[in-house]
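The next block holds one structure in the form of structure tokens; read it before the comments.
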Amino acid sequence: MIYDFNKIEEKWQKYWADNQTFKAENQSEKPKYYVLDMFPYPSGAGLHVGHPLGYIASDIYARYKRHQGFNVLHPQGYDSFGLPAEQYAIQTGQHPAVTTKENIATYRRQLDQIGFSFDWSREVRTSDPQYYKWTQWIFIQLFNSWYNNDTNKAEDISTLISIFETEGNATVNAVCDDNIAAFTAAEWKGYTSKEQQAILLQYRLTYLAETEVNWCPALGTVLANDEIVNGVSERGGHPVIRKKMTQWSMRISAYAERLLQGLDKVDWTDSLKESQRNWIGKSVGAAVTFKVKDSDAVIDVFTTRPDTIFGVSFMTLAPEHDLVSQLTTPEQKAEVEAYILATAKRSERDRMADVKTISGAFTGAYAEHPFTKEPIPVWIGDYVLAGYGTGAVMSVPCGDERDYAFAKHFNIPIINIFEGVDISEAAFTDKEKTVIGNSDFLNGMNYKKATKRAIFELEKIGQGEGKTNYRLRDAVFSRQRYWGEPFPVYYVDGMPQMIAAEHLPITLPEVEKYLPTETGEPPLGNATVWAWDTTKNEVVSNDLIDNETIHPLELNTMPGWAGSSWYFNRYMDSTNTEEFASKEALNYWKDVDLYIGGSEHATGHLLYSRFWQKFLFDKGVVPVDEFAKKLINQGMILGTSAFVYRFSWMIVSNTDEAFDILDPKMPSFFITKSKFEKMKSGDVEEIKNAKEFFLSTLNEIFPDSDIKLGDEISLQLVPTHVDVSFVNSSDELDIEQFKNWRTDYTNSKFINEDDGTYKVGREVEKMSKSKYNVVNPDDIVSDYGADSLRLYEMFLGPLEQYKPWNTAGITGVHNFLKKLWKLYVDDNGLKVSEAAATKDNLKTLHKTIKKVQEDIENFSFNTSVSTFMIAVNEFTTQKCTSKEVLEPLLVLLSPYAPHIAEELWNQLGNSASISTAAFPEFDASHLVESSKNYPISFNGKMRFTMELPMDMSKDDIEAAVMANEKTQEQLAGRTPKKVIVVPGKIVNIVG
RNA sequence: GCUGAAGUGGUGGAAUUGGUAGACACGUUGGACUUAAAAUCCAAUGUCCAUUAGGACGUACGGGUUCAAGUCCCGUCUUCAGUACCA
């Protein structure tokens with residue numbers, strides 16, 4: 001009986017689906033375990049072999065946990081709002097919902113055939129109105145909340161209003177916009193409703209604010225930084241400028257400190273936590289206010305080095321800073337405006353990354369030093385970013401490298417305030433060694449003392465205070481796109497109003513075109529039925545807008561991260577229509593025990609999700625304030641691209657009329673890899689051969705033309721991507737397939753290796769369609785089976801690492817499965833016997849149990865595949881047929897290769913699914929060794945080994961080793977200076 | 001630029017607390033079986049020197065600590081990822 005993997009896999013996939021083998025219950029006697037994958041965006045290209053990597057790892061873990069007796073929740077769904085579907089809609093007119101549905105169907109089919117143990121009854125789709133109803137609901141909760149610094153949590157906005165009504169805003173300790181004017185209770189009551197709403201908006205956890213965006217006028221849309229290349233749009237190459245726009249923002253900054261502290265509670269990788277810490281960017285320092293000479297204006301800055309305040313020799317504002325136009329003197333106006341225009345064209349990332357180009361402009365204005373009252377010139381410079389801190393810095397060139405470079409470049413004086421330090425060549429940035437000088441009351445102090453004193457003095461004169469700053473900026477939550485969650489928001493008199501929760505979901509309206517409107521409004525501006533009727537509580541036609549009872553709806557949609565910031569909670573109770581999940585379900589599952597996904601989400605998804613979780617926790621909606629206990633990042637599988645090497649010379653024909661360069665008979669010439677490399681390095685012989693081949697071939701094809709070569713230098717050697725499916729495991733190109741690939745390759749001519757094959761070059765690159773290196777899991781599954789695919793993906797290397805895919809290697813794991821099969825089944829059927837296991841059988845089994853269990857718990861899946869191979873090799877050598885060891889082996893293997901394990905388990909006479917079997921118990925007694933093969937080293941170099949009893953004493957080992965003739969041979973008469981004996985490990989003889 | 005990660009044979013990778021570098025596979029070479037091919041099985045395979053015995057070198061590069069370093073320390077280089085509207 002042969003190993004018919006296709007039949008076996010289909011059979012068990014059907015069995016699992018029919019029996020709902022992996023459906024999780026929200027109540028159980030068993031302990032719970034929640035294994036989650038970052039859900040995929042269903043792209044039109046379908047899955048390639050890189051995508052399932054993390055899913056296979058989490059599936060192994062989920063199946064392992066079931067064997068361990070846990071009630072496992074292992075769901076899957078789709079992050080189905082996003083740009084690609086919208087882009088496709090713009091190009092083709094296809095509704096994104098239609099393409100998304102098709103793409104999901106493809107994904108589902110592909111996922112199913114890999115044999116994942118997902119509980120599909122809990123599937124979620126972020127673009128499903130029944131799902132985004134709750135995303136909208138969370139948005140409303142955020143709108144109706146403010147952050148109370150005294151209680152250190154989010155509270156309902158009504159508590160804030162009642163404070164305003166009784167005390168005004170002076171006593172409120174809230175996270176809010178800067179510079180909110182103070183008002184009394186009486187004033188509050190006197191405000192119009194609109195004025196009150198405007199004030200409250202400055203406190204809400206989601207609010208409208210002006211934010212800077214990358215605006216592309218030609219495309220009529222906002223672009224992400226990575227959609228901009230060299231200052232122009234990636235698509236179309238249109239100019240992009242920085243522009244202010246009113247958008248929804250999320251007050252994530254309110255949670256900065258808790259997001260930072262919470263990292264200590266979760267078991268995530270250190271590198272990921274470090275990224276988040278860095279992103280949050282806590283810095284302790286001071287806020288300092290500089291007065292501007294001859295003006296009422298003040299410049300607020302934040303500095304981490306208030307100790308260096310006497311070193312300030314200029315101020316730098318971001319070119320976008322509000323004060324710039326006000327401060328600039330008429331003489332400097334032209335220069336400043338030109339500079340602002342130039343800056344607007346640069347992306348933020350450019351400005352951060354490029355430290356070599358120093359640019360700026362003098363505004364002509366002067367600030368006043370808070371203590372010396374000396375004038376300080378005010379500059380603008382694009383190294384200061386508007387969105388960071390206050391968008392202005394006090395520049396201390398002696399203590400900051402960028403300030404130093406700026407001062408040098410513009411010949412601004414550099415004041416040295418450090419004792420005993422030479423700053424003629426570079427700034428001095430070492431806080432630890434700082435001794436302040438030339439600084440009035442700070443003289444002689446170290447960094448710590450001077451910082452305290454400077455803050456004290458600033459507070460005394462009312463021009464500063466100690467402050468903790470976070471780099472974390474509030475997150476922009478509006479997108480000028482179609483394919484996202486609509487906001488449950490309408491506008492009355494320009495003020496946003498929430499639609500009551502019972503009327504949700506507000507579903508996406510139909511539009512004619514998915515592009516921005518001609519007036520530059522977002523795509524929802526094209527909708528004709530997009531107004532809110534406050535009496536009927538439904539979406540009605542725009543024509544009915546009367547601004548009395550019928551009002552316009554919000555035209556922006558929510559960003560991609562909205563739906564993904566809480567989906568892990570929805571899986572706990574995904575079909576609930578009354579609540580986003582029931583209390584019982586939330587309290588039972590609580591949080592994710594293991595979360596697997598890509599490290600590229602480190603600061604986006606993973607930070608926003610933590611933010612929402614903490615908010616929902618404050619509101620009492622979820623029981624824990626961190627949603628994932630443990631998180632593992634899987635690496636990426638890269639493609640192994642294949643290259644053919646095209647060569648040609650410029651050709652000259654003496655008989656023009658008889659020869660046409662566009663002649664369909666005109667061939668392409670390719671040279672094999674090793675010869676290409678010789679040619680490239682200028683090998684004369686190789687070039688001569690290629691040239692002769694080239695000429696003689698052409699003259700053969702065009703006998704009537706007398707073809708000659710042009711200039712010697714005209715040799716063209718071009719590596720070209722070729723589809724990896726045309727190449728075998730030995731890098732040989734299937735020339736027939738290649739010729740049939742494209743019409744212009746049909747007549748190709750090849751210079752081959754000396755053995756007659758054409759060998760391609762290889763290079764590891766990201767897997768992508770354009771590089772022809774995409775490998776489809778469907779093909780792998782049909783050729784080798786899902787179990788082989790699963791094993792091979794794990795076998796490739798450590799989960800977290802980036803590693804190249806090479807289909808050729810899969811024969812290794814496939815052969816392993818065939819060998820495994822043969823251990824159980826031969827031509828006559830099942831050959832497993834009731835024979836007692838031998839000592840060797842038990843040793844192999846228990847060695848394998850130990851290693852595999854350790855590996856799974858350490859997420860080292862690649863090494864357990866090797867372990868299985870070793871076990872099967874050993875059992876084969878031992879001619880083992882004993883059920884006593886072969887049955888538990890199947891349970892060990894089943895998380896990795898579930899189909900073959902189920903099949904053999906079934907053939908052994910078990911009627912229940914192998915997923916219900918208990919994981920085998922490790923028994924150390926089978927591994928006890930009585931002797932050790934000691935490596936004997938001389939000066940650290942291993943020369944030979946000696947078999948010695950495990951219980952031999954140190955002295956006896958030394959004596960036995962010294963008595964060995966090989967030892968004497970190695971020593972050649974010398975007396976060793978020292979003999980190191982580490983019992984059970986090694987012997988090292990020094991001398 | 002900043003932050004994070006990685007660098008070991010022809011290839012993917014293994015190596016417990018510092019203790020036999022290259023497990024397990026792929027590829028390559030040779031052999032068995034076969035009319036032949038496929039499949040399967042066996043053997044060799046880090047590089048260099050040597051007929052063998054054996055030896056030298058070897059974990060990106062340069063130093064250091066140690067009886068002993070892929071592993072620890074210092075410095076350098078290279079590659080990849082993130083960098084706030086790709087998902």
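If you're wondering where the values come from, they're calculated on a predicted model, not measured in any experiment. Naming convention: chains lettered A, B, ... in sequence-line order (proteins, then strands); numbering from 1 in each chain.
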### Task
Find the partner of B/rU28: check Watson-Crick (N1-N3 plus N6-O4 or O6-N4) and G-U wobble (N1-O2, O6-N3) distances, both under 3.5 Å, and reply none if neither fits.
B/rA44

### Atom OH of A/Y88: over 12 foreign heavy atoms under 6.0 Å
no

### Message
Under a 3.5 Å cutoff, is there a donor and acceptor pairing between the side chains of A/N873 and A/K819?
### Response
yes

### Query
Expressed as a whole number of Å, how far does the C1' atom of B/rU8 sit from that of B/rU47?
14 Å

### Query
How long is the line joining CD1 of A/I637 and P of B/rC80, in whole Å?
19 Å

### Task
To the nearest Å, give me how far apart NZ (A/K941) and P (B/rC67) are.
16 Å

### Query
Which nucleotide sits closest to the side chain of A/N988: B/rC85, B/rG82, B/rG19?
B/rG19

#### Entry: side-chain N/O A/N815 vs B/rU40 OP1/OP2, d < 4.0 Å
yes

#### Entry: Any-strand Watson-Crick or G-U partner of B/rU59, both distances under 3.5 Å
none

### Message
Under 4.0 Å, heavy atoms only, any strand: does A/V213 hit a base, just the sugar-phosphate, or nothing?
### Response
base

### Message
Side chain of A/Q801 only, heavy atoms from C-beta on: which candidate in B/rG13, B/rA87, B/rA68 is closest?
### Response
B/rG13

### Task
Please work out if A/G82 contacts a base, only the sugar-phosphate, or nothing of the nucleic acid, heavy-atom cut-off 4.0 Å.
sugar-phosphate

### Task
Measure from CD1 on A/I936 to C1' on B/rC67 and round the result to the nearest Å.
14 Å

### Summary
In Watson-Crick or G-U wobble terms, with both distances under 3.5 Å, the base opposite B/rA81 is B/rU3

### Task
Counting heavy atoms from C-beta on, name the nucleotide in B/rG13, B/rC85, B/rC41 closest to the side chain of A/N862.
B/rG13

### Message
Using a heavy-atom cut-off of 4.0 Å across all strands, would you classify A/T811 as base, sugar-phosphate, or nothing?
### Response
sugar-phosphate

### Message
Under the rule for side chain to side chain contact (heavy atoms under 4.5 Å, CB included), what residues qualify as partners of A/A85, not counting sequence neighbours?
### Response
A/Y41, A/P96, A/T99, A/T100, A/W483

### Message
Ring-plane angle category for A/Y792 and A/W805, please: parallel below 30°, perpendicular beyond 60°, tilted otherwise.
### Response
perpendicular

#### Entry: Pairwise C1' distance, B/rC33 and B/rG70 [rounded to whole Å]
43 Å

### Query
Quick one: do A/E958 and A/K954 make a salt bridge, cutoff under 4.0 Å?
no

### Task
Check the distance between B/rU20's P and A/E947's CD and give it to me in whole angstrom.
16 Å

### Summary
Side-chain contact check for A/H601: nearest option of B/rU20, B/rA87, B/rC85 is B/rA87

### Message
Just to be sure I understand the rule, does A/L472 reach a base, reach only the sugar-phosphate, or reach nothing, if contact means heavy atoms closer than 4.0 Å?
### Response
base

### Message
Looking at A/R402, I want to see if its CZ is surrounded by more than 12 non-hydrogen atoms of other residues, nucleotides or ligands under 6.0 Å.
### Response
no

### Task
Under the side-chain hydrogen bond (donor to acceptor under 3.5 Å, both in side chains) rule, what do A/Y383 and A/D403 come out as? Steps first, then yes or no, please.
CA-CA 9 Å; A/Y383 75 98; A/D403 294 347; 2.8 Å; yes

#### Entry: Rounded distance in Å between the P positions of B/rU16 and B/rA21
13 Å

### Query
Can A/R351 and A/E320 be counted as an ion pair, charged N to O under 4.0 angstrom?
yes

### Nearest-angstrom distance, P atom, B/rC42 to B/rA25
11 Å

### Query
Can a salt bridge be assigned to the pair A/E874 and A/K847 using a cut-off of 4.0 Å between side-chain N and carboxylate O?
yes

### Query
When we call it a touch if two heavy atoms are under 4.0 Å apart, what does A/E793 touch: a base, just sugar-phosphate, or nothing?
nothing

Between the protein and nucleotides 70-72 of chain B, list every N/O to N/O distance that falls short of 3.5 Å.
none

### Message
Under a 4.0 Å threshold between the charged nitrogen and the carboxylate oxygen, would A/K851 count as salt-bridged to A/E854?
### Response
no

### Message
By nearest atom, which of the nucleotides B/rU20, B/rU17, B/rC67 is closest to the A/K985 side chain?
### Response
B/rU17

### Message
Need one value for A/R943: base, sugar-phosphate or nothing, where a base atom within 4.0 Å counts as base even if backbone is also close, heavy atoms only.
### Response
sugar-phosphate

### Task
Could you state the atom-to-atom distance from CD of A/E274 to C1' of B/rA6 in whole Å?
17 Å

### Query
What does A/Q480 touch in the nucleic acid at a heavy-atom separation under 4.0 angstrom: a base, only the sugar-phosphate, or nothing?
base

### Message
Strictly below 4.0 Å: does A/N873 bring a side-chain N or O up to OP1 or OP2 of B/rA25?
### Response
yes

### Query
Does the base of B/rC86 carry an N or O that pairs as donor and acceptor with the side chain of A/Q87 under 3.5 Å?
no

### Summary
Between NZ of A/K954 and C1' of B/rC67 the distance, given in whole Å, is 12 Å

### Task
Check every atom of B/rC85, B/rA81, B/rG13 against the side chain of A/K803 and return the nucleotide holding the closest atom.
B/rG13

### Below 4.0 Å: OP1/OP2 of B/rU40 and any side-chain N or O of A/K818
yes

### Query
Can you check the A/W805 CH2 to B/rG13 P distance for me, whole Å?
13 Å

### Task
When you get a sec, tell me which of B/rA15, B/rG4, B/rA81 is the closest nucleotide to the side chain of A/Y802?
B/rA81

### Task
Taking syn as within 90° of 0 and anti otherwise, name the glycosidic form of B/rG30.
anti

### Message
Over all strands shown, is A/R402 touching base, sugar-phosphate only, or nothing at heavy-atom distances under 4.0 angstrom?
### Response
nothing

## Note on the structure
Using Watson-Crick geometry (N1-N3 plus N6-O4 or O6-N4) or G-U wobble (N1-O2, O6-N3), each under 3.5 Å, B/rA50 is paired with none

### Message
Between A/W279 and A/I870, which residue's closest nucleotide on RNA chain B lies nearer the 5′ terminus?
### Response
A/I870

### Query
Out of B/rG19, B/rG12, B/rA21, which nucleotide sits closest to the side chain of A/F795?
B/rG12

### Spacing of the P atoms in B/rU66 and B/rG54 (rounded, Å)
33 Å

#### Entry: Check ion pair A/D826-A/K822 (N to O, under 4.0 angstrom)
no

#### Entry: Nucleotide nearest A/K932 (side chain, heavy atoms from C-beta), chosen from B/rA84, B/rA87, B/rU20
B/rU20

### Message
Once you apply a heavy-atom cut-off of 4.0 Å, does A/P804 come out as touching a base, just sugar-phosphate, or nothing?
### Response
sugar-phosphate

### Query
Which value, in whole Å, describes the distance between the C1' atoms of nucleotides B/rU79 and B/rG31?
42 Å

Show me the donor-acceptor pairs, under 3.5 Å and distance only, between side chains in residues 936-946 of chain A and residues at least two apart or in other chains.
| from | atom 1 | to | atom 2 | distance (Å) |
| --- | --- | --- | --- | --- |
| A/N939 | OD1 | A/G991 | N | 3.1 |
| A/N939 | ND2 | A/G991 | O | 3.3 |
| A/T945 | OG1 | A/N933 | OD1 | 3.4 |

### Task
Rounded off to whole Å, could you give me the CD1-to-C1' distance for the A/I280 and B/rU3 pair?
14 Å

### Query
Using atom P of each nucleotide, how far apart are B/rA69 and B/rG64 to the nearest Å?
13 Å

### Message
Would you measure the distance from the P atom in B/rC73 across to the matching atom in B/rA5 and give it in whole Å?
### Response
13 Å

## Note on the structure
Out of B/rC67, B/rG13, B/rA23, minimum distance to the side chain of A/S866 belongs to B/rA23

